[in-house]
Every structure is written in structure tokens, then in C-alpha cells.
Amino acid sequence: MGTFDKVVPFISRHIYTLSTANLNRLINGYIRIGNLRDARKLFDQNPTSRNTVIWNTIISAYIQNDEPHNAQNLFDEMPDRDIVSWNTALSGLKKIKNPEGVYLCFLKMRRVGLKPNEFTLSIMISALLDTVFNVLTPQIHASVVSLALNSSVFVGSALMRGYANVGDRVALGRVFDEISMKNVASWNALVLGYMDLGDPDEAQRVFGLMPERNVVSWTTLVNGYIGNKKTSAARSVFDRMTERNVVSWTVMISGYVQNGKFVDALRLFLLMLRSGTQANHFTLSSVLEACAGCSSLLLGKQVHLNILKSGIPDDVILSTSLVDMYAKCGDIEAAFCIFQSMPKKNLVSWNSIIGGYARHGLGTRALEEFERMKRLGIRPDHVTFVNVLSACAHGGLVEQGEREFYSMEKEFGIQAAVEHYACMVDLFGRAGQLEKAEELIKGMPFEPDIVVWGALLGACGLHSNLELGTFAADGIRRLEQDHPVMYSTLLKIHGEKGVWTNVLELKKKMKEQGARKQTAGSWIESSYGVG
DNA sequence: GTAGGGTTAG
């Protein structure tokens with residue numbers, strides 16, 4: 001290679017090199033308009049003008065833009081990482097829900113001798129919430145104290161969440177007391193903490209002591225009551241709010257949905273629209289779930305139209321809610337149509353469509369989608385298998401169901417849970433293989449639940465097996481649950497077998513319990529949401 | 001350039 005070949009790229013690189021200040025300005029400009037590709041191009045073209053801040057800016061932009069892989073690669077290439085770089089990496093790992101990665105990254109940072117700051121510690125604590133690593137909260141607290149960061153409002157609020165998460169009520173209060181300049185966020189964290197600990201009364205008391213309250217304080221209270229299953233208390237707080245935003249409305253709507261009060265949810269949604277508050281994707285997926293819950297295809301379609309008109313961007317969760325709504329409202333073709341058009345699908349989306357076909361009795365279609373999903377390299381989870389097994393049960397695919405049941409553990413390492421056993425009992429039971437169902441129940445590694453017994457009892461009703469039916473009914477009674485279906489099924493079997501004294505006795509008992517014969521519908525379906 | 005207190009799907 002001649003001198004020229006070496007010199008030209010060198011010169012061209014340097015002639016057009018931007019100053020650090022200009023590079024920074026241009027990169028920030030591209031990021032602001034969402035053009036990460038050109039920001040990266042400039043970054044790559046100006047290796048000598050890059051400084052730590054620019055590296056951090058790009059890494060952070062990748063994280064915010066849901067490109068954790070690019071962020072990680074750049075972080076790995078980075079020559080001089082400062083504390084902000086590490087904090088950015090930690091927040092990226094937190095975002096992709098990798099608590100172990102967060103912990104290991106923190107250790108690595110410590111090993112290169114960097115001292116954590118307030119950002120580091122609050123990211124750490126919040127990243128470990130609701131994971132097995134939350135036991136580290138007191139240890140992190142120790143670091144906080146040794147670095148004298150205990151009066152920080154940010155660290156304090158994070159610590160309070162951490163302690164509430166591990167159920168330490170005393171520490172929650174102590175951390176709050178130690179925050180020197182408490183603001184409304186610290187107070188909100190205290191209300192949230194007591195709600196998380198399952199003590200709404202104390203949360204309400206603290207709420208009353210607050211020097212100032214904002215819309216978040218009120219929403220925290222509403223949501224806390226909902227989390228503690230006190231829907232009407234939540235509603236009365238909601239009604240007393242002087243200012244509501246889209247989050248407050250959504251919290252209350254989804255609260256109704258979580259508690260099965262679909263009509264209340266839909267009614268509130270209409271009030272929200274009348275109030276002029278614009279729904280967002282959180283609101284709409286809750287509303288779609290409400291439509292699905294009360295099988296209101298008409299309303300579901302209207303919500304769908306609304307989404308299309310409002311121009312809310314494509315979102316995996318919202319689209320999956322639509323798939324589920326159409327499937328549960330009986331329009332499986334529409335469900336599949338939306339599913340097909342989704343540019344991004346995740347495990348939940350696949351589970352929805354498989355469950356949808358299963359519910360419609362289209363076992364073979366469900367299994368086709370299951371195969372397609374596996375071919376695309378998506379690993380099924382325990383929910384997938386509930387849907388697959390239920391598809392087999394509904395489609396009468398006994399042998400296939402058996403194969404899937406064993407492959408679940410062998411191929412995918414998923415331990416069969418009680419709901420899988422319930423599906424298998426249902427599968428064998430519907431097919432009239434009652435001995436196999438019985439055998440399965442007796443060999444189960446745990447106690448059968450109401451759904452397992454219900455499946456067996458249903459099968460006994462279908463195939464008029466009095467002996468096994470009584471065995472199932474006894475199982476249900478041992479769980480101290482009297483379900484009207486139990487009586488009506490037993491009644492049917494007894495009637496068919498001509499055991500009239502028992503029929504009369506059962507009828508008497510039903511009357512005492514106030515049980516009424518139920519309309520058609522499967523017990524399993526209502527318990528697992530599939531069938 | 002990094003963090004806190006409230007919301008979504010199977």
C-alpha cells in the first residue's frame with residue numbers, strides 16, 4: 001500500500017472532523033428528532049472529538065429507544081467510563097428487567113474503584129423491587145449511610161419502596177423520618193408504602209397528615225385501595241378528587257376490571273370521555289379487557305375504531321388486548337386478522353391467539369399457531385401450555401394432548417402446575433377415559449384444587465359415573481366449597497342412575513344453600529379464562 | 001449525559 005492510500009483516509013477524517021462542542025450539538029439534535037441512526041453515524045465519523053458525555057448521551061438514547069443491545073455494545077467499547085456511564089448501564093439493565101445483571105454490573109463498577117452516588121443507589125434499589133434480590137435492600141441502605149446519602153429525597157423514596165417491598169414497616173417509617181427535606185414525593189412514597197404493606201388505614205391516616213397533596217397523592221391512595229381489594233373505598237376517594245388526569249381515570253377503570261366489575265369500568269370510561277380527558281394506551285387496554293369481560297363486541301369494536309381514529313401508535317400490549325377482546329367476544333376471525341397484522345408479537349400475543357382458538361374449540365388451529373410460534377424460536381411458557389392443553393381437550397385430541405403434556409417438562413423444562421393437571425383431567429374426562437383422569441389426580445404431586453375436581457365431576461356428569469362423581473364431590477367438599485354446579489351435576493348423575501332418595505336429599509341441600517341450577521358454561525373456563 | 005411518587009395485555 002502506498003503512502004497516498006494511507007494518507008487520504010487520514011486527511012479526510014481530519015478535515016471534516018467536528019469540534020467536540022459541535023459534535024455534541026448535532027448528536028443531541030438528531031436524538032431529539034428521534035434519528036438515532038444519523039446520531040450514531042456522526043459519532044462513528046468523529047472518533048477524536050468524542051468525550052465521555054457524548055458516549056453517555058448515545059448509550060442513554062439507545063436505552064430510551066428500546067435498543068438495549070446497541071447500548072450494551074457501545075458501553076463495552078467505551079474507553080473511560082465515569083459514574084454516569086455506569087448509572088446509565090444500570091438503568092438499561094433495570095429497564096430490560098435483569099436484576100441479576102444490575103447486581104453484577106454494580107459489583108463490576110465497585111471493582112474498578114468507582115464510588116456510587118445518589119443516582120446509582122436509587123437505580124439499584126428500584127431495579128431490585130419485586131425480585132428475589134430485594135433482600136439486598138438493607139445492604140444497600142448500609143452503603144447509603146456510609147456514603148452519608150441518607151438525607152437525599154431520591155434515595156429515601158427508593159429505600160422506602162424497597163423496605164415496603166420486603167415487608168419492613170419499621171424501616172419504612174425510619175427512612176422517611178431521616179429524609180431532611182421531605183417533599184410531596186416522599187410523602188407519596190410513605191402512603192404507597194403502607195398500601196403495599198396492606199394497611200390502607202395507616203395510608204389514609206398519613207394521607208391526612210400531608211402538608212400538601214397533588215394529583216399523584218390522590219391517585220396513589222385510589223390505587224392503593226384497589227390493590228387492597230377495596231373498590232368502593234377507592235371510588236369514594238376518586239369521587240372526592242378535585243383534579244383528575246388520565247392516570248387517575250385509568251387507575252380507577254383498571255381497578256374495576258381487576259375486580260371483575262366490567263360494567264362499572266365501562267360506565268366510568270364513558271364518564272371519562274365526557275370529562276374531555278384523552279385516553280391513552282393504558283386506559284384503552286383496560287377498557288378492551290372490560291369489553292372482553294362482558295363479551296361486548298359492539299363496544300369493543302367502537303373502542304377499536306377510536307384507537308384507529310386517534311392515531312395512537314402501534315403497541316404490542318394494546319394490539320394484544322384487541323386480539324384478546326375479539327377472541328373473547330366471539331369474533332375469532334377478527335382476532336386472527338389483527339394478530340397477523342401485528343409487526344411485533346411477543347409471547348403474550350401468541351398465547352392470546354392460541355387461547356382464542358382453544359376457546360372456540362378450534363384445537364387444530366390452536367396447535368398450528370403453537371407450531372408456528374415454536375418455529376419462530378419463541379419459547380412457550382406455562383400459560384402457553386394451559387392454552388395448548390385446553391385446545392387439545394376441546395378438540396378431543398387426547399394423544400396429542402398427552403404428548404404436549406410430557407414435552408412441556410422434557411423439552412421446555414416447565415414443571416406441570418395444578419392448572420395443567422386440570423386441563424389433563426378435563427382432556428381425559430371429556431374423552432370418557434375416566435380411569436386415566438382418576439389415576440392422574442391420584443398421582444399428582446400436590447393437592448387437587450377446585451378446578452381439578454370440577455373437571456372430574458363434569459366428566460362424570462357427561463359419562464354418568466356415579467362412583468367417581470361422588471369421589472369428586474367429596475374432594476370439593478373437603479375444600480369447604482359448595483358450588484351450585486356440584487349439586488346440579490350430582491343431581492343429574494343420581495337422576496340418571498335412578499337413586500331417587502339421593503336426588504331428594506340433594507335437592508333439599510341445594511335449597512338450604514340457596515344454590516340454583518346454573519346456565520350452561522364450563523367451570524374450567526371461568527376459572528382459567530380459557531375453554 | 002443518569003434517579004424519585006400513580007396506569008396496560010395472555
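Predicted model only: the values in this text are computed from it and were never measured. So you know, we letter chains A, B, ... as the sequences are listed, proteins then strands, and number each from 1.
Of the residues listed (A:Val246, A:Thr250, A:Val251), the one engaging A:Phe282 in a side chain to side chain contact (heavy atoms under 4.5 Å, CB included) is A:Thr250, and it is the only one.
The side chain of A:Ala189 sits closest to B:dG5 out of B:dT8, B:dG5, B:dA9. Checked against B:dG5, B:dG10, B:dT7, the side chain of A:Ser352 finds its nearest nucleotide in B:dG10. The side chain of A:Ser248 has B:dG6 as its nearest neighbour among B:dG6, B:dA3, B:dT8. Among the nucleotides B:dG4, B:dT2, B:dA9, the one closest to any side-chain atom of A:Asn87 is B:dT2. Side chain of A:Asn223, nearest nucleotide from B:dG5, B:dA3, B:dT7: B:dT7. Considering only side-chain atoms of A:Ile123, the nucleotide from B:dG6, B:dA3, B:dG10 that sits closest is B:dA3. Comparing B:dG10, B:dT8, B:dG4 by their closest approach to the side chain of A:Lys94 singles out B:dG4. Checking B:dA3, B:dT2, B:dG6 against the side-chain heavy atoms of A:Phe154 singles out B:dA3 as nearest.
The distance from atom CE of A:Met252 to atom P of B:dG6 is 18 Å, rounded to the nearest whole Å. The nearest whole Å value for the distance from the CG atom in A:Leu221 to the C1' atom in B:dG5 is 13 Å. The CH2 atom of A:Trp86 sits 18 Å away from the C1' atom of B:dA3 (whole-angstrom rounding). For A:Leu318 and B:dA9, the CG to C1' distance is 9 Å, given to the nearest whole Å. As a whole-Å value, the separation of A:Ile317 CD1 from B:dT7 P is 13 Å. Rounding to whole angstrom units, CD of residue A:Glu178 and P of B:dG4 are separated by 21 Å. Atom CD1 in A:Ile354 sits roughly 19 Å away from atom P in B:dA9 (whole-Å rounding). Rounded to an integer number of Å, the gap from CE of A:Met181 to P of B:dG5 is 19 Å.
Distances shown here put every side-chain N or O of A:Asn188 at or beyond 4.0 Å from the OP1 or OP2 atom of B:dG6. In this model, the phosphate group of B:dA3 is approached by a side-chain N or O of A:Ser91 to a distance below 4.0 Å at OP1 or OP2. Regarding contacts with the backbone of B:dG6, a side-chain N or O of A:Arg161 is found under 4.0 angstrom from either OP1 or OP2. Put simply, A:Ser254 has a side-chain N or O that comes within less than 4.0 Å of OP1 or OP2 on B:dT8. Phosphate proximity of B:dT7 to A:Gln258: absent, as no side-chain N or O sits under 4.0 Å from OP1 or OP2.
Across all strands shown, A:Val184 has heavy atoms under 4.0 Å from base atoms, whether or not it also approaches the sugar-phosphate. Within the 4.0 angstrom heavy-atom criterion, base atoms lie near A:Thr52. When heavy atoms are screened at a 4.0 angstrom cut-off, A:Val251 is found touching the sugar-phosphate backbone but no base atom.
Considering CZ of A:Arg359 and CG of A:Asn387, their distance stands at 7.5 Å, rounded to 0.5 Å.
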Do A:Asn134 and A:Asn165 pass the side chain to side chain donor-acceptor pair (under 3.5 Å) test, and can you show the C-alpha distance, the side-chain angles, and the key distance before you say yes or no? CA-CA 7 Å; A:Asn134 69 4; A:Asn165 203 234; 2.8 Å; yes
I would like to know whether A:Lys115 and A:Ile83 meet side-chain contact (heavy atoms from CB on, under 4.5 Å); could you show each step before the answer? CA-CA 8 Å; A:Lys115 203 168 75 178; A:Ile83 186 69; over 6 Å; no
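Side chain A:Ser285 to base B:dT8: a donor-acceptor pair is found below 3.5 Å. For B:dG6, its base sits under 3.5 Å from the side chain of A:Thr219 at one donor and acceptor pair at least. Not a single donor-acceptor pair, N or O on each side, falls under 3.5 Å between the base of B:dG5 and the side chain of A:Asn183. Taking only distance into account, the side chain of A:Asn214 meets the base of B:dG5 through a donor-acceptor pair shorter than 3.5 Å.
Using a cut-off of 4.0 Å between Lys/Arg side-chain N and Asp/Glu carboxylate O, A:Arg235 and A:Asp239 are scored as salt-bridged.
For A:Phe176 and A:Trp187, the ring centers are positioned less than 6.0 Å apart. A:Phe412 has its ring centre less than 6.0 Å from the ring centre of A:Phe385.
There is no side-chain donor-acceptor pair under 3.5 Å between A:Ser157 and A:Ser186.
Residues A:Ser85 and A:Thr52 share a closest heavy-atom pair of OG-CG2, 4.2 Å.
The stretch residues 376-384 of chain A touches DNA chain B through A:Asp381, A:Val383, each having a heavy atom under 4.0 angstrom from the strand.
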